[in-house]
Amino acid sequence: MAEDKSLYERIGGIYPISLVVDRFSDEVVDNPKVGKRSPNPQLNDWSTNHLDRLPGLKYMRTLWVANVAGGPFDYTGLPLDKAHARLKIKPEEFDEVAAELRRALEYYKVPEREKEEAMAAFIAHKDEVTAGSRAESK
């Protein structure tokens, strides 16, 4: 029976997902590699000068995670490549953001199986999120 449940159901639904997204989002902003004080000027600028957009970003991230986890929500934001293009996120910066997600999942003691599925779903979109950094180097 548990095998038939989606990741969304096994994690516990929208409330636990929103807790993880909330912490993850705040930690990314405070991370000097990908947030405030980041050597990437676009990430530094967003994390320093555009935090009025953070509540909306958390909402969209929660919808996205709930959707990819099999929940009953539709992500209606921009495609990930377009949403992140102007930030010029490099692969190593994406990896640091993924590490923040792992830490948030661990903070809330998400079980190992669900944590690894969530990480795999996130990492599957690395090429889309980092497309903006590759476009610049062409």
Counting only pairs under 3.5 Å, give me each side-chain donor-acceptor contact of residues 26-35, with atom names and distances, residues two or more places apart or in other chains.
unit_1: Asp26; atom_1: OD1; unit_2: Lys58; atom_2: NZ; d: 2.8
unit_1: Asp26; atom_1: OD2; unit_2: Lys58; atom_2: NZ; d: 3.4
unit_1: Asn31; atom_1: OD1; unit_2: Lys33; atom_2: N; d: 2.7
unit_1: Asn31; atom_1: ND2; unit_2: Glu96; atom_2: OE2; d: 2.8
unit_1: Asn31; atom_1: ND2; unit_2: Glu100; atom_2: OE2; d: 2.8

Minimal heavy-atom distance between Val20 and Leu101, with the atoms involved, is CG1-CD1, 4.1 Å

Side-chain donor/acceptor pairs under 3.5 Å, residues 64-74, sequence neighbours excluded:
unit_1: Asn67; atom_1: ND2; unit_2: Phe73; atom_2: O; d: 2.7

Check: Tyr107 side chain, Val110 main-chain N or O, donor-acceptor pair, under 3.5 Å:
no

Should Glu112 and Glu117 count as side-chain neighbours, where that means a heavy-atom distance under 4.5 Å?
no

Taking side chain to side chain donor-acceptor pair (under 3.5 Å) as the definition, give me every residue that meets it alongside Asp81, ordered by chain and number, with sequence neighbours left out.
none

Those residues that, when tested against Ser25, pass side chain to side chain donor-acceptor pair (under 3.5 Å) (two or more places apart):
Arg61

If you define the side chain from C-beta out and look only at heavy atoms, does anything of Ile14 sit under 4.5 Å from Thr62?
yes

So do Ile11 and Tyr108 actually touch side chain to side chain, heavy atoms under 4.5 Å?
no

Ile123 with Leu7, same ILVMFWY side-chain cluster at under 4.5 Å:
yes

Scan residues 5-34 for pairs that pass ring pair (Phe, Tyr, Trp, His ring centres under 6.0 Å), counting only residues two or more places apart or in two chains.
none

Ignoring hydrogens and geometry beyond distance, is a side-chain donor-acceptor pair present between Arg134 and Thr130 at under 3.5 Å?
yes

Residues two or more places apart in sequence or in another chain: which of them pass side chain to side chain donor-acceptor pair (under 3.5 Å) with Glu92?
none

Partners passing ring pair (Phe, Tyr, Trp, His ring centres under 6.0 Å) against Phe94 (at least two apart in sequence or in another chain)
Phe122

Under the salt bridge (charged side-chain N to carboxylate O under 4.0 Å, His left out) test, residues paired with Lys126 that sit two or more places apart:
Asp95

Rounded to the nearest 0.5 Å, how far apart are OG of Ser18 and CZ of Arg23?
14.0 Å

Mind checking the CZ-CG spacing from Arg37 to Asn40? Nearest 0.5 Å is all I need.
14.5 Å

Would you kindly confirm whether Tyr59 and Leu51 end up in one hydrophobic cluster when ILVMFWY residues are joined by side chain heavy atoms under 4.5 Å apart?
yes

Of all residues at least two apart in sequence or in a different chain, which pass the salt bridge (charged side-chain N to carboxylate O under 4.0 Å, His left out) check with Glu106?
Lys115

With sequence neighbours left out, write down each residue that passes side chain to side chain donor-acceptor pair (under 3.5 Å) with Asn49, or none if nothing qualifies.
Asp45

Tightest non-hydrogen contact, residues Ser133 and Lys90, listed as OG-CA, 3.7 Å

List in chain and number order the residues that pass side chain to side chain contact (heavy atoms under 4.5 Å, CB included) with Asn44, two or more places apart in sequence or in another chain; answer none if no residue qualifies.
Ser38, Thr48

What residues, two or more places apart in sequence or in another chain, satisfy salt bridge (charged side-chain N to carboxylate O under 4.0 Å, His left out) together with Glu128?
none

With rounding to the nearest 0.5 angstrom, report the CD to NE2 distance, Gln42 to His84.
13.5 Å

